[in-house]
Amino acid sequence: MSQKLNTPKGTRDHLPMDVRKREYIFNAISKAFESYGYQPIETPSFELSSTLMGKYGEEGDRLIFRILNSGDKLKKADVEALNNGQLAKFAHSLSEKALRYDLTVPFARFVVQHQNEISFPFKRYQIQPVWRADRPQHGRYQEFYQCDGDVVGSDSLRNEVELIRIIQQVFRFLKLPGFTVKLNNRKVLSGIAQVCGIQDELISLTVALDKLDKIGKEGVVNELVSKGFNAEVLKKIEPLFELQGSFNERLLQLRDFLSGNEMGLLGLEELSFVHSKLKDFIPGKEVLELDVTLARGLNYYTGIIIEVKAHEVEMGSICGGGRYDDLTALFGLKGLSGVGISFGADRIYDVLNSLDLFPSQLSMGPDILFLNFSDTTADVSDGWAAELRSHGKTVEVYPSNAKLQKQMKYANDRGAQWTAFYGDEEAANQSIVLKNMTSGEQKTYNVATWISDWLG
RNA sequence: GAGGUUGUAGCUCAGUUGGUUAGAGCGUCGGAUUGUGGUUCCGAAGGUCGCGGGUUCGAGACCCGUCUUCCUCCCCA
């Protein structure tokens with residue numbers, strides 16, 4: 001090796017076992033979506049910059065990977081803007097395309113573009129990688145898979161309920177020891193801001209509140225003070241830190257807090273409805289929690305917002321989503337409400353790995369490996385292999401007449417369940433030897449009947 | 001975007017205040033064993049010390065830059 005090799009920052013290779021594990025997760029998610037009638041779609045890895053920019057807030061825009069123009073298009077670079085220090089304008093002139101940052105915005109574009117080819121309410125799911133120019137950290141990558149499901153064209157809260165049931169189904173299937181679905185509502189957050197008379201600082205407030213479980217009440221207060229919130233406002237929001245008890249008890253406390261505020265109370269009604277439809281959560285294991293500090297950064301959410309955390313492991317949220325009323329309006333189609341969730345496959349992978357929840361069968365190699373003793377016997381093995389494959393078995397024939405020791409080691413490393421010995425000796429007396437690689441036991445069969453005997 | 005941290009064999013890591021030819025374990029390959037793996041024994045191969053520059057008689061070690069790793073912010077899946 002003449003050079004130190006590495007994948008780019010924040011990306012990873014996936015060995016066969018990793019891919020199997022990830023497929024296991026994808027399968028759980030797509031099965032759940034399919035069972036509720038969601039249909040799969042795909043969109044391109046990259047979009048026009050104009051489609052993505054400005055949809056995720058300033059912070060999000062900064063994290064979008066841009067694709068450099070090539071060839072003659074590069075000549076259109078706005079050097080004047082560069083000289084004037086207008087870096088954003090200069091960057092824009094260099095790049096007309098960008099890697100997708102999530103699957104929701106491209107989906108909104110998709111819906112508007114194909115509105116005459118799909119029928120509403122449209123339910124789709126999509127499993128594809130997304131890219132963010134973020135600094136890598138625990139559970140954060142620059143390339144990762146999102147598994148999204150959205151419903152557009154229906155403002156019924158039954159969609160929210162359905163999506164939470166899908167979350168439940170996925171994590172039950174994956175045998176998570178427990179998870180908490182946190183719910184909040186942007187309308188409630190807006191109501192809180194209105195009650196406090198700080199509508200314009202809504203985002204500062206929610207960003208600070210969002211950190212409550214991390215930096216505590218004191219930390220939040222400090223941050224709010226440094227953001228310029230006065231003592232009167234701080235006093236007003238005080239009760240929000242003290243919310244306690246069950247979902248319904250918290251609802252009651254918030255009703256007090258928001259009394260008289262139409263927007264906020266509507267938000268609470270919505271949360272109450274969703275909660276009332278989800279009665280089969282297993283206590284302690286599957287928790288539905290009302291959390292006013294849940295904000296979620298994406299600023300296109302307008303209604304209920306959802307975030308899921310796994311129990312018994314330190315990891316950021318493994319699924320998130322919410323309702324967005326105007327996303328397609330950004331692309332010229334008004335009056336189409338949508339709601340969606342996004343599973344973070346790579347984080348779920350990390351969770352399952354650290355809790356050792358992947359089924360052991362995933363690591364199994366071929367059911368049977370035919371050892372290779374000569375071209376003529378390998379040809380016969382090929383025939384048997386084809387027959388076994390038609391019975392649904394995974395079969396390999398070792399490609400060359402290597403030393404037996406080497407072939408056995410390969411079988412062992414691959415996790416082969418059985419090895420088959422068919423060489424000149426066996427050919428001479430019309431037999432074949434099957435060896436169980438776990439127990440080490442060997443058994444001799446008659447070539448005429450061995451397949452049905454062994455399958456039997 | 002801010003601050004810190006890391007990089008030596010395929011992998012995990014030693015490497016003394018700067019001083020000859022950079023080491024170990026695991027893995028790989030070969031042999032003990034010419035038709036039997038996962039245990040054992042013997043042997044071998046494998047390194048531009050992340051990359052570029054600098055200081056020095058001399059740099060894996062010190063300095064600067066850069067890329068990368070992991071972490072704390074910011075933000076998020």
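Convention: sequence-line order gives letters A, B, ...; per-chain numbering from 1. Being a predicted model, the structure only gives us computed values, none of them experimental.
- Nucleic acid contact class of A/Tyr145 (heavy atoms, under 4.0 Å, all strands): none.
- Note: A/Phe65 and A/Tyr101 fail the aromatic proximity criterion, with ring centroids not under 6.0 Å apart.
- Using a 4.0 Å heavy-atom cutoff across all strands shown, A/Gly423 reaches at least one base atom of the nucleic acid.
- Backbone-only contact: A/Ser317 has heavy atoms under 4.0 Å from sugar-phosphate atoms and none from a base.
- You cannot call A/Phe421 stacked on the base of B/rG35; the centres under 5.5 Å and planes under 30° rule is not satisfied.
- Closest contact between the side chain of A/Arg140 and the listed nucleotides B/rC75, B/rC71, B/rC76 involves B/rC75.
- For A/Gln137, whose side chain is taken as the heavy atoms from C-beta onward, the closest listed nucleotide among B/rG37, B/rC73, B/rC70 is B/rC73.
- Geometrically, A/Arg12 engages A/Tyr141 in a cation-pi contact defined by less than 6.0 Å to the ring centre and at most 45° from the axis.
- Taking the ring centroids of A/Trp384 and A/Tyr422, they lie under the 6.0 Å cut-off.
- In this structure, A/His138 places its NE2 atom 21 Å from P of B/rU6, rounding to the nearest Å.
- Here B/rA77 presents its C1' atom at 14 Å from CZ of A/Arg22, a figure rounded to the nearest Å.
- Residue contacts shown for A/Thr438 include a base, since a base heavy atom lies under 4.0 Å away.
- In this structure, A/Arg347 fails the cation-pi test against A/Phe144, since its NZ or CZ atom is not both closer than 6.0 Å to the six-membered ring centre and inside 45 degrees of the ring normal.
- Between A/Ile432 atom CD1 and B/rU36 atom P there is a gap of 18 Å when expressed in whole angstrom units.
- Residues A/Phe331 and A/Phe110 keep their aromatic ring centres 6.0 Å or farther apart.
- Put simply, the residue from A/Leu294, A/Val220, A/Asp291 that forms a side-chain contact (heavy atoms from CB on, under 4.5 Å) with A/Leu212 is A/Val220.
- In this structure, A/Arg20 places its CZ atom where only 12 or fewer heavy-atom neighbours from other residues, nucleotides or ligands lie under 6.0 Å away.
- Salt bridge A/Arg158/A/Glu162: absent, no basic N to carboxylate O contact under 4.0 Å.
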**Report entry** Derivation of the salt bridge (Lys or Arg N to Asp or Glu O under 4.0 Å) call for A/Arg132 and A/Glu143
**Finding:** CA-CA 7 Å; A/Arg132 296 186 187 176; A/Glu143 176 184 65; over 6 Å; no

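- Rounded to whole Å, atom P of B/rG35 lies 16 Å from atom CG of A/Asn429.
- Between the side chains of A/Asp150 and A/Tyr38, no donor-acceptor pair of N or O atoms lies under 3.5 Å.
- When distances run from any side-chain atom of A/Leu63 to the nucleotides B/rC75, B/rA77, B/rG37, the shortest one goes to B/rC75.
- A salt bridge is absent between A/Glu441 and A/Lys435: the closest approach of a Lys/Arg side-chain nitrogen to an acidic carboxylate oxygen does not fall below 4.0 angstrom.
- Within the nucleic acid shown, A/Asp346 has no heavy atom closer than 4.0 Å to any nucleic acid atom.
- Place A/Glu441 and A/Lys211 on RNA chain B by their nearest nucleotides, and A/Glu441 ends up nearer the 5' end.
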Hey, what are the protein-to-nucleotides 65-68 of chain B N/O distances that come in under 3.5 Å?
| from | atom 1 | to | atom 2 | distance (Å) |
| --- | --- | --- | --- | --- |
| B/rU68 | O2' | A/Asn6 | ND2 | 3.0 |

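- Toward the 5' end of RNA chain B, the nearer of the two residues A/Val308 and A/Thr11, judged by each one's closest nucleotide, is A/Thr11.
- A/Met315 places its CE atom 18 Å from the P atom of B/rC76, with the value rounded to the nearest Å.
- Donor-acceptor pairing under 3.5 Å, judged by distance alone, is absent between the side chain of A/Arg135 and the base of B/rC73.
- Helical stems in RNA chain B, defined as runs of 3 or more consecutive Watson-Crick or G-U wobble pairs with both donor-acceptor distances under 3.5 Å, are listed by first residue as B:1-4 with B:70-73, B:10-13 with B:23-26, B:28-32 with B:40-44, B:50-54 with B:62-66.
- In this structure, A/Lys309 reaches neither bases nor backbone, as no heavy-atom distance under 4.0 Å exists between it and the strands shown.
- Residue A/Gln146 is in sugar-phosphate contact alone, with no base atom involved, counting any heavy-atom pair closer than 4.0 Å across all strands shown.
- Among the heavy atoms of the strands, none lies under 4.0 Å from A/Gly60.
- Aromatic ring centres of A/Tyr349 and A/Phe358: separated by under 6.0 Å.
- For the C1' atoms, the distance from B/rC67 to B/rU6 is 12 Å, rounded to whole Å.
- Residue side chain A/Gln407 does not reach the base of B/rU36 through any donor-acceptor N/O pair under 3.5 Å, judged by distance alone.
- Among the atoms of the strands shown, base atoms are found under 4.0 Å from some heavy atom of A/Gly440.
- Residue-level contact check: A/Phe373 touches the bases, meaning some heavy atom is under 4.0 Å from a base atom.
- The pair A/Glu34-A/Lys31 does not count as a salt bridge, with every side-chain nitrogen at least 4.0 angstrom from each carboxylate oxygen.
- A salt bridge links A/Glu270 with A/Lys187: the closest approach of a Lys/Arg side-chain nitrogen to an acidic carboxylate oxygen falls below 4.0 angstrom.
- Distance check on atom P: B/rU48 versus B/rG23 gives 15 Å, rounded to whole Å.
- For A/Arg62, the side-chain atoms get nearest to B/rC74 when compared with the rest of B/rC74, B/rC75, B/rU36.
- In this structure, the CD atom of A/Glu307 is 9 Å from the C1' atom of B/rA77, given to the nearest Å.
- Looking at the side chain of A/Asn412, the nearest of the listed nucleotides B/rA77, B/rG37, B/rC71 is B/rG37.
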Could you write out each protein N or O paired with an N or O of nucleotides 29-34 of chain B at a distance under 3.5 Å?
| from | atom 1 | to | atom 2 | distance (Å) |
| --- | --- | --- | --- | --- |
| B/rG31 | OP2 | A/Lys403 | NZ | 3.1 |

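- Within the 4.0 angstrom heavy-atom criterion, base atoms lie near A/Glu426.
- With P as the reference atom, B/rG60 and B/rC70 are 27 Å apart, rounded to whole Å.
- Among the heavy atoms of the strands, none lies under 4.0 Å from A/Val130.
- In summary, the side chains of A/Arg323 and A/Thr302 do not present any donor paired with an acceptor at a separation below 3.5 Å, with no hydrogens or angles considered.
- Following rounding to the nearest Å, A/Gln442 (CD) and B/rU36 (P) show an atom-to-atom distance of 10 Å.
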